[in-house]
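Scope of the values below: all heavy atoms of this structure, side chains included, with no hydrogens, waters or symmetry mates.
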Amino acid sequence: MTIVKPSQLSSSSSSPLCSLKGSLLTVAVLTFLSLFYLSLDSLRTSPPSPIVVGANQLPHTFAKEEDESYSDVYHSPESFRSNYAEMENKFKVYIYPDGDPNTFYQTPRKVTGKYASEGYFFKNIRESRFRTLDPEEADLFFVPVSPHKMRGKGTSYENMTVIVQTYVDGLISKYPYWNRTLGADHFFVTCHDVGVRAFEGSPVMIKNTIRVVCSPSYNVGFIPRKDVALPQVLQPFALPAGGNDVENRTTLGFWAGHRNSKIRVILARVWENDTELDISNNRINRATGHLVYQKRFYRTKFCICPGGSQVNSARITDSIHYGCVPVILSDYYDLPFNDILDWRKFAVVLRERDVYDLKQILKNITQSEFVSLHNNLVKVQKHFQWNSPPVKFDAFHMIMYELWLRHHVIKY
């Protein structure tokens with residue numbers, strides 16, 4: 001019999017164990033090297049993975065543009081960015097189909113002239129993604145009656161109020177949607193001076209609905225948290241947009257127009273003979289040359305914008321378009337997009353009583369401060385222009401954004 005010593009037994013049994021461990025180690029090393037090689041190869045050959053953008057997110061490029069270019073002009077760039085994206089994805093408006101387009105309803109009278117904003121909205125809402133044909137999915141309801149069309153057909157003020165009241169009463173009796181909120185989720189749009197007066201025959205429209213108007217004077221019933229200031233834009237513009245041309249702007253201030261308000265009378269009386277302020281007490285005669293009035297915007301630093309027969313003036317959006325920093329001289333004016341844009345970053349906002357110190361106020365603005373105002377003005381130009389079809393961030397989309405913000409406060 002052969003006796004096996006303990007040392008021999010240990011050596012004999014550990015040999016296959018060591019062999020197994022070595023094999024596993026070899027396999028592990030080879031697997032690691034293979035995966036490492038495949039990873040390097042994929043980095044060389046595979047295209048980058050797409051970035052998935054959620055419903056409430058914007059592409060990285062816009063985020064960068066917003067942070068670098070627009071943070072100076074918004075009260076809250078991040079809120080605007082996220083809320084705007086949500087609006088684009090979710091907001092729906094139902095347009096009541098009632099009313100003959102050949103009379104006072106549905107379609108614009110025209111999309112030119114000083115009341116173009118009303119016409120463009122009537123046109124744009126039908127061209128946009130926001131319109132829905134299903135009233136059950138609507139966030140807001142548009143009452144498509146146009147005082148501008150009434151005025152164009154020679155309708156008297158008295159008859160306007162009757163026409164509006166009859167139309168609104170018909171909608172209330174025919175559809176169930178008004179009574180859910182007593183009209184708080186309804187809105188109308190008007191830019192004509194008589195627009196608000198036309199709705200006075202229907203007190204519930206004045207009190208309850210969202211009024212989108214060009215004359216947002218909050219000392220005569222305009223409610224900023226409920227209503228929306230519609231910018232008065234005189235389109236088409238006679239000349240291209242100005243901007244990034246501060247070296248050409250050698251005139252301190254400019255205004256020319258009718259003296260149809262107290263502030264305009266004072267402005268003309270105090271400053272019309274000044275050598276540094278270009279102030280005319282009447283409109284510039286076209287006989288003096290082609291587009292002389294518009295061309296003066298190009299060479300002026302500050303364009304004076306006093307209120308006229310109403311608090312608003314198309315001169316404000318003219319100034320923005322031509323790159324001339326607007327000087328607001330109009331009390332009680334809730335400026336368009338005031339809850340979104342910081343007007344003091346691209347305009348000079350004064351009280352009417354400041355008119356007597358106007359020149360010194362403007363001269364006290366340093367060149368670097370003026371350049372900053374001018375550069376910010378260029379950034380907001382897109383917000384004060386209408387397009388057909390509408391373009392992202394233009395005047396139509398900004399009005400829709402204002403409406404979107406207000407629909408959140410409505411209680412069913």
Side-chain angles (χ1 to χ4, degrees), residues 93 95-96 98-101 103-126 140-169 171 183-224 226-235 307-314 316-317 332-337 384 386 395-396 398-400 402-403 406:
V93 173
I95 306 173
Y96 282 111
D98 305 61
D100 183 359
T103 56
F104 316 120
Y105 313 97
Q106 303 298 334
T107 56
R109 178 186 173 192
K110 59 181 180 178
V111 292
T112 58
K114 62 180 181 178
Y115 304 117
S117 292
E118 179 180 317
Y120 265 106
F121 187 90
F122 272 72
K123 182 176 176 62
N124 284 171
I125 190 66
R126 286 168 171 76
L140 293 179
F141 295 79
F142 177 38
V143 180
V145 56
S146 172
H148 191 204
K149 291 179 78 172
M150 295 184 199
R151 191 63 175 162
K153 294 180 180 294
T155 309
S156 67
Y157 295 143
E158 293 75 16
N159 286 339
M160 284 185 189
T161 60
V162 173
I163 291 169
V164 170
Q165 183 175 14
T166 302
Y167 181 72
V168 173
D169 289 346
L171 298 181
D185 57 355
H186 287 54
F187 70 94
F188 67 88
V189 177
T190 179
C191 194
H192 199 284
D193 294 347
V194 303
V196 175
R197 290 182 60 184
F199 284 88
E200 289 177 350
S202 180
V204 292
M205 289 290 287
I206 299 295
K207 179 182 178 182
N208 297 349
T209 64
I210 302 170
R211 298 185 295 165
V212 184
V213 296
C214 279
S215 52
S217 179
Y218 52 82
N219 68 327
V220 290
F222 182 86
I223 304 173
K226 175 179 77 73
D227 302 327
V228 176
L230 181 66
Q232 185 177 9
V233 185
L234 203 163
Q235 284 190 224
S309 58
Q310 302 291 330
V311 292
N312 57 294
S313 169
I316 295 175
T317 51
Y332 310 112
Y333 185 14
D334 189 65
L335 292 162
F337 318 135
F384 295 89
W386 296 90
F396 171 73
M398 293 295 282
I399 292 298
M400 295 304 292
E402 291 276 24
L403 290 168
R406 282 154 179 75

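- Applying the ring-ring contact (aromatic ring centres under 6.0 Å, His included) criterion to Phe337, with sequence neighbours excluded, gives Phe384.
- To the nearest 0.5 Å, the span separating CG on Asp334 from CG on Asp227 amounts to 9.0 Å.
- The backbone N or O of Gln232 lies less than 3.5 Å from a partner atom in the side chain of Thr317, making a donor-acceptor pair.
- The distance from the CZ atom of Arg151 to the OG atom of Ser146 is 13.0 Å, given to the nearest 0.5 Å.
- Between the OG1 atom in Thr190 and the CZ atom in Arg211 there is a gap of 10.5 Å [rounded to 0.5 Å].
- Across all their heavy atoms, Ala229 and Phe222 have their closest contact at N-CZ, 3.8 Å.
- Checking Phe121, Tyr120, Phe122 one by one against Phe396, the ring-ring contact (aromatic ring centres under 6.0 Å, His included) holds for a single residue, Phe121.
- For the atom pair Asn124 CG and Met400 CE, the distance stands at 10.0 Å (nearest 0.5 Å).
- Residues Leu403 and Val212 form a side-chain contact, since some pair of their non-hydrogen atoms from C-beta on lies under 4.5 Å apart.
- When atom types are taken as modelled, the side chain of Glu118 and the backbone of Pro108 share no donor-acceptor pair closer than 3.5 angstrom.
- Distance check: Met205 CE to Asp169 CG gives 10.5 Å after rounding to the nearest 0.5 Å.
- Gln235 contributes no side-chain N or O that, together with a main-chain N or O of Ala116, makes up a donor-acceptor pair within less than 3.5 Å.
- The side-chain heavy atoms of Phe104 and Thr155, taken from C-beta on, include a pair separated by under 4.5 Å.
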Atom pairs and distances, side-chain donor-acceptor, residues 160-168, under 3.5 Å, sequence neighbours left out:
| unit_1 | atom_1 | unit_2 | atom_2 | d |
| --- | --- | --- | --- | --- |
| Thr161 | OG1 | Glu158 | O | 2.7 |
| Gln165 | NE2 | Gly201 | O | 3.4 |
| Thr166 | OG1 | Val162 | O | 2.8 |
| Tyr167 | OH | Asp98 | O | 2.8 |

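- Residues Thr209 and Lys226 share a closest heavy-atom pair of O-NZ, 2.5 Å.
- No side-chain donor from either of Lys153 and Thr103 sits under 3.5 Å from a side-chain acceptor of the other.
- Contacts of Tyr115 classified as ring-ring contact (aromatic ring centres under 6.0 Å, His included), with partners at least two apart in sequence or in another chain: His148, His192.
- Distance check: Ile210 CD1 to Ile223 CD1 gives 11.5 Å after rounding to the nearest 0.5 Å.
- A donor-acceptor distance shorter than 3.5 angstrom exists from the side chain of Lys149 to the backbone of Tyr105, with no hydrogens or angles considered.
- At a threshold of 4.5 Å between non-hydrogen side-chain atoms, the residues Val145 and Met150 count as touching.
- Nearest heavy atom pair, residue Ile399 against residue Trp386, reads CG1-CH2, 4.4 Å.
- Asn312 places a side-chain N or O within 3.5 Å of a backbone atom of Cys214 that can act as its donor or acceptor partner.
- Under the 4.5 Å side-chain criterion, counting only non-hydrogen atoms from C-beta, Ile95 is in contact with Gln106.
- Between Phe187 and Phe141 there is no side-chain heavy-atom pair separated by less than 4.5 Å.
- Within the 3.5 Å criterion, the main-chain N or O of Gly119 finds no donor-acceptor partner in the side chain of Arg109.
- Judged by distance alone, the side chain of Ser117 and the main-chain N or O of Pro231 form a donor-acceptor pair under 3.5 Å.
- Contact annotation: the side chain of Val213 never approaches that of Phe199 to less than 4.5 Å [non-hydrogen atoms, C-beta and beyond].
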